[in-house]
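Chain A is the first sequence line, chain B the second, and so forth, proteins listed ahead of strands; every chain is numbered from 1. Computed from a predicted structure; not experimentally measured.
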There are 2 protein chains.
Amino acid sequence: MTLAYPLDDPRAARPASALSDAFDRHGVRMAYARNEEIYAQDDAVELLYRVVRGVVRTSRVTADGRRQVGAFYYPGDLFGLEPGPDHRFGAEALDDCEILVVRRSAVRAAAGDAELDRAILEAQRLEMERLQDHVVMLGRKSARERVASFLMSIAQRGGDDHADLAMGRQDMADYLGLTIETVSRMLTQLQGEAIVAFPSSRRFEIRKWTALEALAA
Amino acid sequence: MTLAYPLDDPRAARPASALSDAFDRHGVRMAYARNEEIYAQDDAVELLYRVVRGVVRTSRVTADGRRQVGAFYYPGDLFGLEPGPDHRFGAEALDDCEILVVRRSAVRAAAGDAELDRAILEAQRLEMERLQDHVVMLGRKSARERVASFLMSIAQRGGDDHADLAMGRQDMADYLGLTIETVSRMLTQLQGEAIVAFPSSRRFEIRKWTALEALAA
DNA sequence: GCCCGCGTTTGATCTGCGTCACGGAGGGGG
DNA sequence: CCCCCTCCGTGACGCAGATCAAACGCGGGC
């Protein structure tokens, strides 16, 4: 059985223990293939999900086909806890991944209600902060700044100076509110200025942290 | 003493009673002048606020002076319950207004912890849905669509076909991620197509609901 | 190795919105 | 009543990013 929280993962200790226990005892391990749907936009909210392996993206597609990616979730992250009765964003597997799924009612039965609420509250805290930052980025940042911010956040997650992009350019674009071409251009631009280096299209290394930080605003 | 929840206000019955009671018993009524700061960006989060009269906006200003408005709050709305230890958006009075303020710890003492959490959860639900919609709007909608959505949401609040804009063009622009000029142009455009009518710059009436709905996407 | 298919990059052009500049309206104070 | 000040609308223009189009890798299958 794969360890859900690798020991070197800073998020390992994060979730409240009641919730963690519930996952361990009542969770069902599911496997999803690349681009497979985990839950659909407008599905009822009744489960909690935790990424074990792989990366998950949430997205919302408008009636006329425009897509906005809401977030990316990495191993250890909780997702699917949208506040309303049904999901306003769908969730899909970015690559092949394993997910722990638990019924909310099972968690509620296992832990005290108060404890459950607190655990969800904490996860929602992260979610809301992400949303707030996303709003500011989409509302007020240039394409260059958005791409820089994105690379920064990915790099911070890894801790190291270089990191892998789990997603392709289209997913980046849909997260950043840009087109795939603009994302690509900004990446080459940043490379040209030797701020980042891309040994391959999915792998990058930050060369000038201060320059990138300044751009990320 | 002004009645906090006018009887004809559909939001009157919304907040959980424990929280409502706490406001009534421990709340302090504060008055703020137009553009006065209620709390600052980066202030510690320790109070809960409820609008009694007037309108409040939350906003975040970046280091280089760009401003993003997060939300507008109307009488009956709870605000200030950001999830982190400190406020990522500041709050200011849009016009002269009265606010009920209560210390979180007072609420916690008055109600059971679980009850408090549930009440906050419910308010956060609204907040998160607002944020999600905001992200989609800023990421994927055109200027015309943003302005249309905004007018729709204002009109729905009033219920009636015509409504007052509590805010000026600059606040709209900063909420919609646009410039004041673009907002102005879109408004004249919509007027030109007889979709809305503006008897004065702060007051409007929707003439073609279906057309506006189609635009709001 | 070679071919094929998909994701990415790059180029050319277009356009929606931002920027800059100015004129007008409204309304509060003297 | 008039002035001034702030907010709003409009016009001309420029540019960032979208769109359209094509070429370039790179990895997998044969």
*Any Lys/Arg nitrogen of Arg66(A) or Asp174(A) sitting under 4.0 Å from an Asp/Glu carboxylate oxygen of the other?*
no
*asked:* Please report the distance, rounded to the nearest Å, between CZ in Arg169(A) and C1' in dC24(D).
replied: 14 Å
*Within the side chain of Lys141(A), is there an N or O that forms a donor-acceptor pair under 3.5 Å with the backbone of Ser149(A)?*
no
*What's the CE-P distance between Met167(A) and dG7(C), to the nearest Å?*
15 Å
_Stretch residues 187-207 of chain B: residues that reach within less than 4.0 Å of DNA chain C through a heavy atom_ = none
*Let me have a per-nucleotide readout for nucleotides 25-30 of chain C, 5' to 3', with B, S or -, counting only protein heavy atoms under 4.0 Å.*
------
*Using a cut-off of strictly less than 4.0 Å between a heavy atom of the residue and any atom of DNA chain C, enumerate the qualifying residues of residues 177-185 of chain B by number.*
Gly177(B), Leu178(B), Thr179(B), Glu181(B), Thr182(B), Arg185(B)
*Check: Tyr39(B) and Phe89(B) side chains under 4.5 Å, non-hydrogen atoms*: no
_Taking the axis from the first five pairs and the axis from the last five, what angle separates them in the helix from dG1(C)-dC30(D) to dG30(C)-dC1(D), rounded to 10 degrees?_
30°
*Would you say Glu82(B) and Glu129(A) make side-chain contact, with heavy atoms under 4.5 Å?*
no
*Measure the OG1-CE distance between Thr179(A) and Met172(A) for me, rounded to the nearest 0.5 Å.*
12.5 Å
*Atom OG1 of Thr182(A) and atom CG of Leu187(A): how far apart are they, to the nearest 0.5 Å?*
10.5 Å
_Qualifying residues under ring pair (Phe, Tyr, Trp, His ring centres under 6.0 Å), relative to Tyr175(B), sequence neighbours excluded_ = Phe72(B), His134(B), Phe150(B)
*Does the side chain of Arg125(A) reach to within under 4.5 Å of the side chain of Glu127(A), using non-hydrogen atoms?*
no
*Compare all side-chain heavy atoms of Met167(A) with those of Arg57(A) and state whether any distance is below 4.5 angstrom.*
no
_Interatomic spacing from CG in Leu48(B) to CD1 in Ile99(B) - rounded to 0.5 Å_ = 12.5 Å
*Just how far is it from atom CG of Asp86(A) to atom CD of Gln41(A), taken to the nearest 0.5 Å?*
10.5 Å
*Distance test, side-chain N/O of Arg66(B) to OP1/OP2 of dG18(C), below 4.0 Å*: no
*May I ask you to check whether Tyr49(B) and Tyr73(B) place their ring centres under 6.0 Å from each other?*
no
*Atom pair CG (Leu151(A)) and CZ (Arg146(A)), whose distance is rounded to the nearest 0.5 Å*: 14.5 Å
*Between Asn35(B) and Glu92(B), is any pair of side-chain heavy atoms under 4.5 Å apart?*
no
*Would you kindly give the CG-to-P distance between Asp95(A) and dG7(C), to the nearest whole Å?*
14 Å
*Should the heavy atoms of other residues, nucleotides or ligands under 6.0 Å from CZ of Arg203(A) be counted, would the total exceed 12?*
yes
*Which of residues 138-152 of chain B have a heavy atom under 4.0 Å from DNA chain C?*
Ser142(B), Ala143(B)
